[in-house]
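See below for the structure under consideration.
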Amino acid sequence: MEKAYQPKEVEDRLYENWEKDGSFAGKINPEHPAYSIVIPPPNVTGVLTMGHVLNNTIQDILARRARQHGYSTLWLPGTDHAGIATQTKVEQQLRKEGKTKHDLGRDGFLEHAKEWRDKHGGIILKQLRKLGCSCDWERTVHTLDPDYSRAVLESFVRLFHNGYVYRGKRMVNWCPVSLTALSDEEVIMKPQNGKLYKIRYELTDSPSEYLEVSTTRPETIMGDVALAIHPDDERWPSLKGRKVRRPLQPAEIPIIADQAVEKDFGTGMLKITPAHDPLDFEIGQRHDLEIIDVFNPDGTLNHLGGPEFSGMDRFEARKATVEKLREQGDLIDEEDHANNVGFSERADVPIEPRLSEQWFLRYPRVEEAKRAVSQGFIRYFPERWTKTYLHWLENIQDWCISRQLWWGHRIPVWYRKGSSRSDPQNWHVSVDGPEDPDNWEQDEDVLDTWASSWLWPIATMGWPDKEEMHKQGLDYFYPTSALVTGPDIIFFWVARMIMAGLEFKGEPVDPKTILSDEEIQKRIPFRDVYFTGIIRDSKGRKMSKSLGNSPDPLDLIEKYGADGLRHGIMSIAPKGQDIRFSEERIEQGRNFCNKLWNVSRFRQMSDNSVRTSDLKSILKRIQPEQLNQDDHAILLRLIETLDEVDRLYGQYEFNSALQSIYRFFWNDLCDWYVENSKSRMREGKDKDTCLAVQDLCLRQVLLLLHPVTPFITEELWDVLGFSAGKSIQWVCPGNGEKLLEEIRSVGIILDRLALTEILAIRELVTSMRALKAERNLASNNKVEFFYLSDDSKAEVLNRHLSSIQSSVGIAAFNRTVSAPNGMPALVTSFGSVYMDLASGIDVDAEKARLNKELESLDKIISNIEKKLSNEAFTGKAPPQVVEGARKQLAENQAKRQETTEALQALA
RNA sequence: GGACGGCUAGCUCAGUUGGUUAGAGCGACUGGUUUACACCCAGUAGGUCACAGGUUCGAGUCCUGUGCCGUCCACCA
């Protein structure tokens, strides 16, 4: 074995083996329970980020653990076509070649985009392999695959026929750069420092009398069709029925009253521009006002904006209109104003509220979706996200699902040529289209990407084709066991998948029928949802390409190994909390792997002739009568650890589980057990028993770690001879109880007191080491120690004598009957311990140390005494707590007594 | 404006239903190659648990309020 673990060769070799032997294949096997996960499909053109590393490592841990526990496991991978993102990239590419999408035409563009996708896409799936992800690659799905696309269209058609889908001319979020409508979720509110302009509108029946209006968007004045005031405003009675003159594109517009106007904001007077503001639109509807759209789709002004501004960009026009108003004397005031402006998530420009004809979806199964989570049929980890989820569902708005793009699923609606598109009489809605296509033209728009990915858990498993569903195991693997994703897409994806599952899984149900709880449980797409945190850089900033603060995971794999990266990232990922990334943690992960490698090497160097594969034959090598306290203690700790890890994994507490394994492996096993076993290796009496115990511990550690660090554990599993041809992937670590049973079955009864005793001995060794270290005697074995104890304690010390001597590194540790003078002393649970220094000691330094010790003891004692003398405490606290305090007092008093004596002995 | 999360050692974080003297890793410092590992071993220092009240025999933990950081939701032009 190499002196240091070399991950590169091991990882590539093992991954190839796993893939070749079909380890990751999700088999439909009714003899076994199913465990399934569908991957949150990354953008087909994306590359691996630290977020993906975290997210997919967690999924891999779940999948691998399930395999070990005997579940027939499917982790289904795939990619998302990512409408706007991908189309934008392809268009950028075209632009470099001096072309636009219109040069190619729709079909040509799609052909081009597909080629581009096939050439550049899917990189991320290769990167996931490097990370060790155990996805069933045979089942990779892309949202634009023919079958998947059919499922998407089918869902639209069904929703349409059930009355959930409608077409309407409404206010939508318009992105003037992408030239498409967006859903509310794709709009990001950002605080902006703008200006609030105060503008005067002249009353037509009383020239020189003006009303003042505040606005942040003077460039829309040409679209004003009214001024509005709150009906309770005292000015209303005198304004009712009167009119004002619009200061730009002059026209006479009415003054109206509407409840929606805030009396106390600005001047209490609101200009109504129904074409460019959602609230204004609403008010316009109520008062049956005209709609004047002064913008072109790309955010420039059109002819209705007037000749002076026509063709200008909206922000340019803002400046120009302000200037014009100023010239006219209509600008009364301008002041700085902070407000929130909605930005397009993709293009990062302010969205434009725009009236347009779009397809909308009234969400199906909203009530059932709430119930699925509030009743715990779907469990959220951490639980607090249920509140966010429910709040969104309470206030849910219809979903604009049409996008003015080409890259995506084209809406399966055809309009009769030459007829009005507004009249449903002229619509044809079906997956395959009309039989006489020449008489129809298809809707130009595509569906929102999320309106395809919300079908992910069912459409990746054959839905809606009955035969395919059966073949692909929808009924076997669904509902999927767990979903691992970020809370940022709880609305975009998680909530919508739940509704889609409820609506589409199983037999169709009338929209008016509410699903029963039983039915809900059958239809939900997943049982547990684990929300990861967001990975931030060391300064707490979100990782992003533009900041350049995101390390390339592949570089990290190169440097630390995939296992090191996985271990590192998992050790810092508290449940659902944001994560501060630091490369040092990844280094720790690598170090951990190296430690594992080296303790295995030690095991091999001790004796590589003994190789046993399964638990039973390892146990058979143990001679029960040769087991010492160390053996009992380590086995008990192993059992504790197995249970703890089992429980923590079950609660998705990955970092705690890892910490628990770490503690057992590094502290208990390596630092103490293996160290102590060195003398047993040398002496040879009980060497085989000791090696068997080592094997048992190592075997279980490998099993527990395998989900986190799959490569090194598989490699060592083989090297240490545990495999006998069977991969670690299929071996269950079992729990503490099960191991205890196995141990009993070979006639070993573990002694719980041994663990307590060993812990006390460790504490003793630690303080003896400290006493030495303070004098820089760490490597000096010549020192002698004495102890002053009663018989029972002396007996214990005697039993551990050789291990204490070698652990501390001393020549002798003998019992003495009286306190030796002039020696530094320790007060321990085994009595007083003295260090004999050949050359004299620094009495003053010793005194200082012991006095410090006394001081701290006095503080503790007086605190306990105070507590115990308080009748309220002795009366009200539970007896065992009071008893504990008394015991503690006695112990500390004894310690003080001995310390005082030691101090006197120095004088 | 509303909701949620965070604030514990220099840094990153643990800390179960309130109960002994608040822990770990990293970093710092000291010392170390004895049958694996310097990607290692031994040890030391370092904390007014954000702040202010309250409940309680007892509060890092529960309650109220405040502050700072972060996230999400919201039609004040």
Side-chain angles (χ1 to χ4, degrees), chain A residues 1 3-5 189 196 213-217 228 260-262 264-267 269-273 277-282 337 339-340 353 382 384-385 387-388 391-392 395 487-488 490-491 534 536 538 540 542 560 564 571-572 574 576-582 584-585 587-588 590-606 655-656 659 662-663 667 670-671 674-675 678 681-682 766 769-779 781 806-809 856-857 859-860 863-864 867 870-878 880-882 884-885 887-889 891-892:
Chain A
M1 289 174 85
K3 193 172 170 186
Y5 175 54
M189 299 306 285
L196 188 62
V213 175
S214 290
T215 181
T216 54
R217 304 205 58 192
V261 181
E262 289 287 330
D264 301 327
F265 186 86
T267 59
M269 189 71 68
L270 180 62
K271 73 184 200 62
I272 305 299
T273 321
D277 183 276
L279 178 64
D280 291 7
F281 177 72
E282 228 178 79
H337 181 68
N339 64 339
N340 284 323
R384 64 186 149 87
W385 292 110
K387 203 172 168 180
T388 308
H391 181 256
W392 185 71
N395 300 288
D488 49 331
I490 192 164
F491 311 136
I534 293 165
R536 301 175 172 281
S538 57
K542 226 169 172 170
Y560 303 106
S571 72
I572 48 173
Q577 219 66 267
D578 284 2
I579 294 143
R580 285 282 167 104
F581 177 79
S582 85
E584 280 162 11
R585 303 302 292 252
E587 203 178 318
Q588 269 180 65
R590 190 258 327 251
N591 295 353
F592 184 86
C593 292
N594 192 241
K595 186 79 175 175
L596 194 60
W597 180 260
N598 269 290
V599 78
S600 303
R601 236 177 101 218
F602 174 75
R603 166 65 186 82
Q604 286 305 81
M605 288 162 94
S606 300
N655 67 327
S656 303
Q659 204 183 5
Y662 186 104
R663 249 202 322 273
N667 302 336
C670 294
D671 290 349
V674 170
E675 281 309 311
K678 283 177 180 172
M681 297 290 108
R682 226 176 358 247
T766 301
R769 279 172 177 166
L771 200 61
K772 267 183 76 187
E774 277 167 27
R775 284 158 195 80
N776 291 345
L777 295 173
S779 67
N781 285 332
S806 62
S807 301
V808 183
S856 114
L857 283 168
K859 216 168 118 191
I860 293 166
N863 276 340
I864 306 171
K867 201 193 268 187
N870 183 348
E871 273 175 39
F873 174 70
T874 49
K876 288 186 186 174
Q880 67 268 28
V881 171
V882 179
K887 208 173 137 199
Q888 195 194 333
L889 180 65
E891 276 167 15
N892 283 291

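First the proteins, then the strands, lettered A, B, ... as listed; each starts at 1.
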*Taking the same atom, P, in B/U8 and in B/C62, what whole-Å distance lies between them?*
16 Å
*asked:* Could you tell me if the side chain of A/M1 sits less than 4.5 Å from the side chain of A/S600, heavy atoms only?
replied: yes
*Please tell me which of the listed nucleotides, B/U12, B/A36, B/G43, lies nearest to the side chain of A/R580?*
B/U12
*Can you figure out which of B/A42, B/A36, B/U44 approaches the side chain of A/A770 most closely?*
B/U44
_Please determine whether a side-chain nitrogen or oxygen atom of A/T766 lies at a distance below 4.0 Å from atom OP1 or OP2 of B/G43._
yes
*Could you please name the option among B/C37, B/U21, B/C72 that lies closest to any side-chain atom of A/T388?*
B/C72
*With a 3.5 angstrom cut-off on both distances, give the Watson-Crick or G-U wobble partner of B/U16, or none if there isn't one.*
none
*First locate atom CG of A/L889, then atom CD1 of A/I860, and finally report the distance between them rounded to the nearest 0.5 Å.*
11.0 Å
_Does B/C4 have OP1 or OP2 under 4.0 Å away from a side-chain N or O of A/R384?_
no
*Please determine, for B/U48, whether a Watson-Crick or G-U wobble partner exists with both distances under 3.5 Å, and give it or none.*
none
*Is the charged tip of A/K678 near the ring of A/F602: under 6.0 Å from the six-membered ring centre and within 45° of its axis?*
yes
_What's the gap between B/C37 and B/U44 when it is taken at their C1' atoms, as a whole Å value?_
24 Å
*asked:* Check this for me: A/H391, atom NE2, are more than 12 non-hydrogen atoms of other residues, nucleotides or ligands nearer than 6.0 Å?
replied: no
_A side-chain contact here means heavy atoms from C-beta on lying under 4.5 Å apart; do A/E587 and A/R590 qualify?_
yes
*Could you give the distance separating B/A28 and B/G65 at their P atoms, to the nearest angstrom?*
44 Å
*Is there side-chain contact between A/T216 and A/N339, with at least one heavy-atom pair below 4.5 Å?*
yes
_Distance below 4.0 Å between A/N591 side-chain N/O and B/C37 OP1 or OP2_ = no
*Sort out the partner of B/G70 for me: Watson-Crick or G-U wobble, both distances under 3.5 Å, none otherwise.*
B/C4
*asked:* Can you check the distance between B/U48 and B/A22, where both ends of the measurement are the P atom (answer in whole Å)?
replied: 12 Å
_Closest approach to the side chain of A/Y662, judged atom by atom: which nucleotide of B/C37, B/G25, B/U12 is it?_
B/G25
_A/N594 side-chain proximity, nearest of B/C39, B/C41, B/U35_ = B/C39
*Below 4.5 Å, heavy atoms only, C-beta onward: do A/S571 and A/N655 meet side chain to side chain?*
no
*Under 4.0 angstrom, heavy atoms only, what part of the nucleic acid is A/C593 near: base, sugar-phosphate, or nothing?*
nothing
*Rounded to whole angstrom, note down the P distance from B/A77 over to B/G70.*
22 Å
*asked:* It should be established whether A/K595 places a side-chain nitrogen or oxygen under 4.0 Å from OP1 or OP2 of nucleotide B/C41.
replied: yes
*B/G54 and B/G18, which share atom name C1', separated by this distance in whole Å*: 15 Å
_Heavy-atom side-chain contact between A/I572 and A/R580 under 4.5 Å_ = no
*State, with a plain yes or no, whether a side-chain heavy atom of A/V882 is found less than 4.5 Å away from one of A/F873.*
yes
*Counting heavy atoms from C-beta on, name the nucleotide in B/G25, B/U12, B/A14 closest to the side chain of A/Q588.*
B/G25
*Under a 3.5 Å limit for both distances, which nucleotide forms a Watson-Crick or G-U wobble pair with B/C11, could you say?*
B/G25
*Which one, B/U12, B/U21, B/A3, comes nearest to the side chain of A/K387?*
B/A3
*Between the base of B/A38 and the side chain of A/K3, is there any donor-acceptor pair under 3.5 Å?*
no
*Between the base of B/A36 and the side chain of A/E675, is there any donor-acceptor pair under 3.5 Å?*
yes
_Is it the case that B/C39 (base atoms only) and A/R590 (side chain only) share a donor and an acceptor within less than 3.5 Å, ignoring hydrogens and angles?_
yes
*Can you tell me, in whole Å, how much space there is between the P of B/A52 and that of B/U16?*
23 Å
*Taking the nucleotide of RNA chain B with the closest heavy atom to each, which residue, A/S606 or A/N892, is nearer the 5' end?*
A/N892
*Give one of base, sugar-phosphate or nothing for A/P487, where a contact means two heavy atoms less than 4.0 Å apart.*
nothing
*CG/A/N598 to SG/A/C593 distance, rounded to the nearest 0.5 angstrom?*
11.5 Å
_Minimum-distance nucleotide to A/R585 side chain [options: B/U12, B/G19, B/G70]_ = B/U12
*P spacing across the pair B/C11 / B/U64, given as an integer number of angstrom*: 30 Å
_Base-pairing assignment for B/G53 (Watson-Crick or G-U wobble, both under 3.5 Å)_ = B/C63
Using a cut-off of under 3.5 Å, enumerate the N/O to N/O pairs linking the protein to nucleotides 73-77 of chain B.
| unit_1 | atom_1 | unit_2 | atom_2 | d |
| --- | --- | --- | --- | --- |
| B/A74 | N6 | A/N340 | ND2 | 3.0 |
| B/A77 | O3' | A/T216 | OG1 | 3.1 |
| B/A77 | O2' | A/S214 | O | 3.0 |
| B/A77 | N6 | A/E262 | N | 3.3 |
| B/A77 | N6 | A/E262 | O | 2.6 |
| B/A77 | N1 | A/E262 | N | 3.2 |

